[in-house]
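Structure first, commentary second.
Position 1 is the first residue of the sequence, and the numbers go up from there. All ligand and atom numbering here is 1-based and tracks the order in the structure.
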Amino acid sequence: MAIFAIYSIKGGVGKTATTVNTAYLCAAEGEKTLIIDIDPQGSASFYFRIKAKNKFKKKRLLKGGKTIDENIKGTDYANLDLLPSDMSFRNLDLALNEMKHSKRKLKAIFEPFKHEYQHIFIDCPPNITLVSENIFNAADYILVPLIPTTLSLRTYEKLRAFFKKKKFASDKIFAFFSMVEKRKKLHRDILKERLSDSPELLQAYIPYRAEIERMGLSREPVVFTYPTSDATSAYKKLWHEIKSRCLE
Ligand SMILES: Nc1ncnc2c1ncn2[C@@H]1O[C@H](COP(=O)(O)OP(=O)(O)OP(=O)(O)O)[C@@H](O)[C@H]1O
Ligand SMILES: [Mg+2]
């Protein structure tokens, strides 16, 4: 049983696409799986055509227990449930700040769901806030998509430095390359250099593919819509490596 957070300080790097597809693959293997959409943008909820009930605001999320249970919804796929996000989550860090054990609150709220689900995937908003610190405590593993560019790598180094400074366990972090465009020399060079000498980087990577971009139209995991595409094989390889590095 594990809680995976799909996280990056940077926006638009493929966090939600990774959450949706790896969680789908996990559920398709027969494991009871929950996606928690903690991002007020609600992209994971959108992909699964799920909206939070009107009354499900941040206060109810922070209440935990039964209140959350009542708001978890089934997706169209076997074994895959989702807790939708709400726009009010944009102020979650302010609400957490006023609470006791403000950095561990989400861990306490999500922990009981470990008994109900085999694996939990948290789709995180970009940025680094008190919500992120809660996620770093709540998650067993932090999966970080990295676009192979200098700026993206720099942000990743900042995350590792933050973990060190705040004494979070940095062996929870597993990064992997995302939106890789092999026709670009910079992408090829960075992959070649980093994949050979950074043991914390996963070898599997996700290429830049139009099918993945089209998920916004189909509102289905690409691994479901295009089961034989190379985008699907890439997500399968990634999920396989995540399992072997984290769960075995
Ligand atoms: N490998 C890929 N190839 C092509 N398009 C991709 C790929 N991964 C993601 N995208 C597209 O890029 C956009 C951003 O991806 P996604 O929403 O997964 O990123 P994110 O990190 O979750 O963004 P945010 O920080 O805003 O939550 C989306 O339109 C998505 O469909
Ligand atoms: Mg997202």
Side-chain angles (χ1 to χ4, degrees), residues 4-25 35-52 75 82-87 89-90 92-93 120-129 131-132 135-136 139 142-149 151-156 158-159 173-184 186-188 190-191 201-239 241-242:
F4 298 100
I6 298 74
Y7 172 82
S8 158
I9 300 177
K10 263 182 100 61
V13 295
K15 295 182 291 296
T16 303
T18 303
T19 307
V20 165
N21 286 293
T22 49
Y24 172 87
L25 288 171
I35 295 176
I36 296 177
D37 187 359
I38 199 83
D39 182 352
Q41 295 179 89
S43 311
S45 312
F46 169 83
Y47 282 132
F48 288 105
R49 304 162 192 264
I50 289 176
K51 262 192 167 174
T75 66
L82 182 141
L83 180 70
S85 87
D86 180 79
M87 264 305 270
F89 291 7
R90 72 191 184 283
L92 205 51
D93 50 342
I120 298 175
F121 293 75
I122 309 175
D123 189 27
C124 303
N127 225 326
I128 189 151
T129 62
V131 175
S132 332
I135 299 287
F136 302 156
I142 323 276
L143 307 175
V144 185
L146 279 179
I147 301 178
T149 60
L151 272 187
S152 188
L153 291 173
R154 215 176 142 253
T155 319
Y156 173 57
K158 285 194 168 177
L159 174 67
I173 303 178
F174 289 92
F176 61 94
F177 286 114
S178 167
M179 297 171 131
V180 174
E181 293 179 83
K182 279 283 184 78
R183 64 187 175 87
K184 291 185 176 167
L186 178 70
H187 284 209
R188 289 198 306 274
I190 290 180
L191 250 71
L201 271 180
L202 300 178
Q203 294 290 312
Y205 64 86
I206 307 299
Y208 192 96
R209 287 293 179 270
E211 298 94 291
I212 302 178
E213 223 171 0
R214 279 201 292 270
M215 272 175 48
L217 295 173
S218 64
R219 296 173 79 180
E220 290 170 342
V222 71
V223 292
F224 172 80
T225 323
Y226 301 100
T228 56
S229 66
D230 69 335
T232 295
S233 350
Y235 281 117
K236 283 185 172 170
K237 270 191 197 156
L238 179 67
W239 175 230
E241 195 178 357
I242 293 168

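By the 6.0 Å and 45° rule, Arg219 stacks over the aromatic ring of Phe46.
Between the side chain of Ser43 and the backbone N or O of Thr16, no donor-acceptor pair lies under 3.5 Å.
Remark: Asp230 engages Arg209 in a salt bridge, criterion side-chain N to carboxylate O under 4.0 Å. Comment: Glu181 engages Arg183 in a salt bridge, judged by a side-chain N to carboxylate O separation of less than 4.0 angstrom.
In this structure, the ring of Phe121 has its center less than 6.0 angstrom from the ring center of Trp239.
Closer than 4.0 angstrom to ligand 1 sit non-hydrogen atoms from Gly11, Gly12, Val13, Gly14, Lys15, Thr16, Ala17, Asp39, Gln41, Tyr47, Pro126, Met179, Ile206, Pro207, Tyr208, Arg209, Ile212, Glu213.
Ser152 pairs in a side chain to side chain contact (heavy atoms under 4.5 Å, CB included) with only one of the listed residues (Val144, Ile9, Leu146), which is Leu146.
Under the 30°/60° scheme for interplanar angles, the aromatic rings of Phe136 and Tyr7 are found to stand perpendicular.
Evaluation of the side-chain hydrogen bond (donor to acceptor under 3.5 Å, both in side chains) rule for Ser218 yields no partner, not counting sequence neighbours. The side-chain hydrogen bond (donor to acceptor under 3.5 Å, both in side chains) check on Asn21 picks up nothing, with sequence neighbours excluded.
Around the Mg ion (ligand 2), the protein atoms of type N, O or S that sit closer than 2.8 Å are Thr16 OG1.
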